[in-house]
A.B. asks: 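One structure, pasted below without further comment.
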Amino acid sequence: MQKLFKFPSIEQYYKAVKSVRDNCEYHGIPLPTITFQGTVKLHGTNSGVVKDLSTGEIWAESREHIITPDSDNAGFARFVADNITTFQSLFDVAQDLSGTGDALSIPTHLAIFGEWCGKGIMKSVAISQLEKRFVVFGCRVITDAPEEEQMVLRWLPGTDLVKIVASTPHDRIFCIQTFKTWTLDIDFLKPEIAQNELVRITDEVENECPVGKAFGVSGVGEGVGWKILNPVPG
């Protein structure tokens, strides 16, 4: 049975700082230095493709709904349907890389998330000059057992994401990790020190989108998304 698995909201910087500080205070541990990786944010529409590992069924999603070619979101479901063999191959590699999990947490679904972007989706950014394309930025392993209080969720690392997309080359499917990225250490004793560098990097991308530039077009970008590379204490 098809089920919607939403991509989570991205937390703002000040909220992330508060969350880490509150967590460390609760557990009585020192404030850490955490390494973040930044990737280019793309101005399109958040999209996903999900596979039920028990039935093999694959379906497309927008941020809020399961979509089909007859009830679509900017043509993404039609793109998935027209390229279903490619997506089956991507999921095969993702499944191999994810492993089977332990006996108490056997994956039930895989979800590949990305930005469906290009002409006719959003305006006034570099990538709006390009043919529509799917840029993958995450792959999630999901254990959705009814008897559990909540789903067990696990993201595959960026290195696996690159392998998944590279395994089945397609002229309209890409991995965000293969474009320009940034690494930044943030000392949560003095997180304000990193603020200037975060602003500088954001301004750099907003002035000239690195993804658009890689495809031979010039124009503004949307910004940068950040994720943690090393574990958070507690």
Side-chain angles (χ1 to χ4, degrees), residues 1-11 41-118 120-122 131-158 160-177 225 227:
M1 183 180 70
Q2 294 184 355
K3 182 175 180 178
L4 180 70
F5 296 102
K6 293 184 179 182
F7 184 77
S9 298
I10 297 174
E11 196 171 55
K41 288 177 67 177
L42 298 177
H43 198 33
T45 182
N46 184 282
S47 303
V49 189
V50 178
K51 180 179 180 179
D52 185 320
L53 297 179
S54 62
T55 66
E57 185 179 13
I58 293 173
W59 60 91
E61 302 181 340
S62 66
R63 181 179 283 278
E64 298 293 338
H65 304 284
I66 294 172
I67 54 177
T68 69
D70 295 325
S71 180
D72 212 339
N73 180 41
F76 181 67
R78 170 51 60 191
F79 175 75
V80 173
D82 289 345
N83 295 277
I84 194 64
T85 301
T86 296
F87 281 100
Q88 287 170 338
S89 296
L90 295 175
F91 277 118
D92 287 344
V93 177
Q95 193 167 352
D96 287 342
L97 290 171
S98 69
T100 58
D102 58 56
L104 297 178
S105 183
I106 298 174
T108 60
H109 298 80
L110 285 173
I112 296 175
F113 294 105
E115 200 76 2
W116 179 237
C117 53
I121 299 178
M122 294 294 180
E131 181 184 15
K132 289 178 183 176
R133 58 203 60 210
F134 185 49
V135 183
V136 176
F137 52 64
C139 182
R140 199 164 213 178
V141 185
I142 302 166
T143 300
D144 184 31
E147 66 274 8
E148 296 181 1
E149 292 184 3
Q150 60 182 4
M151 293 183 296
V152 177
L153 307 170
R154 176 168 60 90
W155 292 102
L156 294 185
D160 282 354
L161 208 60
V162 173
K163 293 175 184 176
I164 291 166
V165 177
S167 69
T168 311
H170 189 286
D171 62 1
R172 292 173 65 191
I173 301 176
F174 302 91
C175 177
I176 195 62
Q177 296 278 346
K227 67 178 182 179

A.B. asks: Walk me through whether Asn83 and His170 qualify under side chain to side chain donor-acceptor pair (under 3.5 Å).
C.D. replies: CA-CA 9 Å; Asn83 295 277; His170 189 286; 2.8 Å; yes
A.B. asks: Report yes or no: do Ser62 and Asn46 form a side-chain donor-acceptor pair below 3.5 Å?
C.D. replies: no
A.B. asks: Looking only at heavy atoms, which two atoms of Ile173 and Phe87 are closest? And how far apart?
C.D. replies: CD1-CZ, 3.9 Å
A.B. asks: Please report the closest heavy-atom contact between Asn73 and Thr45, naming both atoms and the distance.
C.D. replies: ND2-OG1, 3.0 Å
A.B. asks: Between Val162 and Gln177, what is the shortest heavy-atom contact and its length?
C.D. replies: CG2-CB, 3.5 Å
A.B. asks: Please report the closest heavy-atom contact between Ala94 and Leu156, naming both atoms and the distance.
C.D. replies: O-CD1, 4.1 Å
A.B. asks: Counting N and O atoms only, with roles assigned by atom type, does the side chain of Glu115 sit under 3.5 Å from a partner on the main chain of Gly44, one being a donor and the other an acceptor?
C.D. replies: yes
A.B. asks: If we ignore hydrogens and angles and just use 3.5 Å, is the side chain of Glu57 paired with the main-chain N or O of Asp52 as donor and acceptor?
C.D. replies: no
A.B. asks: Flag the pair Lys6 and Glu64 as a salt bridge only when some basic side-chain nitrogen lies within less than 4.0 angstrom of an acidic carboxylate oxygen.
C.D. replies: yes
A.B. asks: Is it true that Asp70 and Arg78 make a salt bridge, defined as a side-chain N closer than 4.0 Å to a carboxylate O?
C.D. replies: no
A.B. asks: Is the distance from the ring center of Phe7 to that of Phe137 below 6.0 Å?
C.D. replies: yes
A.B. asks: Looking only at atom types and distance, does a side-chain atom of Trp116 sit under 3.5 Å from a main-chain N or O of Ala74, one as donor and one as acceptor?
C.D. replies: yes
